[in-house]
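First the structure, in the form of structure tokens, and then the observations on it.
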Amino acid sequence: ILGDFWAVDLLSKEKTLRDTINQATGEMVLENFLRQSKEFWGDYILELVNYKSKCKLIKGWDELFVKLDEHNHMFSSMSNSPYYNVFKDEIEPWKDKLEKIRLLFNEWIDVQKRYVYLEGIFFGSSDIMNELGAEYNKFKAIDQEFTGLMKKVAAKPQVLE
């Protein structure tokens, strides 16, 4: 068998072999990152904290945003790779999904902050209920909707859910 290997005259095919190895290595880098990213986000659990025995709120936003930005940047960089087209059909939907998750959580953090602020105002004093009855009732409905949503998040805290 070794004789057959040497008889092929690999030295004459060195450039073709090196090109093939380089392409396989480049494709492997993209494939590995894509697989690792899918596994990472498939396993990523939101960090939650109890809020006044009403619901759980998301915390750990900085880590979440850093990871989303890191992965989005890597996916954007992949488009410059000569091996990108091999994985384009897998990369593009995944990249879009992570960008949408980033946009969603940008809004979510804002809504959550406003909810905590307003919840303290509307439910912190009985005077507010008396003086701002209509607004209080609106906020009660928002409170039910928001806490209901957060209970669903607590039941399935995976980012992709």
Side-chain angles (χ1 to χ4, degrees), residues 1-2 4-5 8 10-120 138-161:
I1 295 178
L2 189 55
D4 293 338
F5 186 71
V8 173
L10 292 177
L11 288 178
S12 67
K13 297 172 176 70
E14 180 181 5
K15 182 177 179 350
T16 303
L17 287 172
R18 287 192 188 278
D19 290 346
T20 302
I21 289 169
N22 287 339
Q23 180 172 350
T25 302
E27 288 176 5
M28 186 179 73
V29 168
L30 296 182
E31 183 178 28
N32 283 340
F33 181 75
L34 181 60
R35 181 182 40 76
Q36 289 170 355
S37 186
K38 287 179 177 181
E39 287 173 7
F40 178 83
W41 292 108
D43 295 340
Y44 195 96
I45 305 292
L46 293 168
E47 188 177 350
L48 303 172
V49 61
N50 284 326
Y51 180 71
K52 295 185 178 181
S53 302
K54 294 178 84 166
C55 64
K56 291 186 178 191
L57 299 178
I58 300 171
K59 72 176 225 171
W61 293 103
D62 291 340
E63 178 187 343
L64 176 65
F65 286 140
V66 164
K67 287 296 185 183
L68 280 167
D69 291 344
E70 179 183 301
H71 283 231
N72 279 327
H73 177 72
M74 286 297 293
F75 281 121
S76 292
S77 297
M78 285 180 172
S79 64
N80 296 323
S81 169
Y83 315 109
Y84 175 76
N85 286 335
V86 174
F87 300 100
K88 183 179 180 178
D89 292 342
E90 276 187 88
I91 291 172
E92 287 299 317
W94 194 247
K95 180 182 164 203
D96 291 344
K97 181 182 283 194
L98 291 182
E99 288 172 355
K100 287 176 183 173
I101 289 171
R102 178 63 155 108
L103 292 172
L104 172 74
F105 282 122
N106 276 344
E107 294 299 318
W108 200 306
I109 192 172
D110 186 45
V111 168
Q112 185 172 286
K113 284 179 183 179
R114 289 173 192 252
Y115 169 79
V116 169
Y117 173 74
L118 292 171
E119 194 271 347
K138 281 184 188 177
F139 188 77
K140 265 181 41 178
I142 291 169
D143 176 67
Q144 289 175 348
E145 186 176 345
F146 181 79
T147 56
L149 175 64
M150 294 312 295
K151 287 175 183 174
K152 289 179 184 176
V153 169
K156 290 185 178 182
Q158 297 86 355
V159 167
L160 295 181
E161 290 291 324

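Given the structure is predicted, the values throughout are model-derived calculations rather than measurements.
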**Item:** Residue pairs involving residues 71-83 (criterion salt bridge (charged side-chain N to carboxylate O under 4.0 Å, His left out); sequence neighbours excluded)
**Value:** none
**Asked** What distance do Trp61 atom CH2 and Gln112 atom CD have between them, rounded to the nearest 0.5 Å?
**Response** 5.5 Å
**Request:** Side-chain contact test, heavy atoms from C-beta onward, threshold under 4.5 Å: evaluate it for Phe105 versus Ile109 and give yes or no.
**Result:** no
**Complete:** Interatomic distance, CH2@Trp108 vs CG@Leu103, rounded to 0.5 Å, equals 14.0 Å
**Message:** With a 4.5 Å cut-off on side-chain heavy atoms, are Ile101 and Leu68 touching?
**Reply:** yes
Anything under 3.5 Å between a donor and an acceptor, one on a side chain of residues 142-160, the other on a protein residue two or more places apart or in another chain? List them.
{"unit_1": "Asp143", "atom_1": "OD1", "unit_2": "Lys54", "atom_2": "NZ", "d": "2.8"}
{"unit_1": "Asp143", "atom_1": "OD1", "unit_2": "Tyr115", "atom_2": "OH", "d": "2.4"}
{"unit_1": "Asp143", "atom_1": "OD2", "unit_2": "Lys54", "atom_2": "NZ", "d": "3.4"}
{"unit_1": "Thr147", "atom_1": "OG1", "unit_2": "Asp143", "atom_2": "O", "d": "2.8"}
{"unit_1": "Thr147", "atom_1": "OG1", "unit_2": "Gln144", "atom_2": "O", "d": "3.4"}

**Item:** Of all pairs that satisfy side-chain hydrogen bond (donor to acceptor under 3.5 Å, both in side chains), the ones with a partner from residues 33-46, not counting sequence neighbours
**Value:** Asn32-Arg35, Ser37-His71, Ser37-Trp94, Lys38-Glu90, Trp41-His71
**Message:** Suppose we screen for salt bridge (Lys or Arg N to Asp or Glu O under 4.0 Å). Which residues come up paired with Glu47, at least two apart in sequence or across chains?
**Reply:** Lys59
**Asked** Which value, rounded to the nearest 0.5 Å, describes the distance between Leu64 atom CG and Arg102 atom CZ?
**Response** 8.0 Å
**Request:** Output all residues satisfying side-chain hydrogen bond (donor to acceptor under 3.5 Å, both in side chains) with Glu27, sequence neighbours left out; order by chain, then residue number.
**Result:** Gln23
**Item:** Asn80 atom CG: more than 12 heavy-atom contacts under 6.0 Å
**Value:** yes
**Message:** Do Met78 and Tyr83 make a side-chain contact, defined as non-hydrogen atoms from C-beta onward lying under 4.5 Å apart?
**Reply:** no
**Asked** Could you state the interatomic distance from CG (Leu57) to NZ (Lys52), rounded to the nearest 0.5 Å?
**Response** 10.0 Å
**Complete:** dist Asp69:CG -> Glu99:CD (nearest 0.5 Å) comes out at 10.5 Å
**Asked** Sequence neighbours excluded, which residues qualify as side-chain hydrogen bond (donor to acceptor under 3.5 Å, both in side chains) partners of Arg114?
**Response** Asp110
**Prompt:** In Å, rounded to the nearest 0.5 Å, how long is the span from CG of Asn72 to CG of Leu98?
**Reply:** 5.0 Å
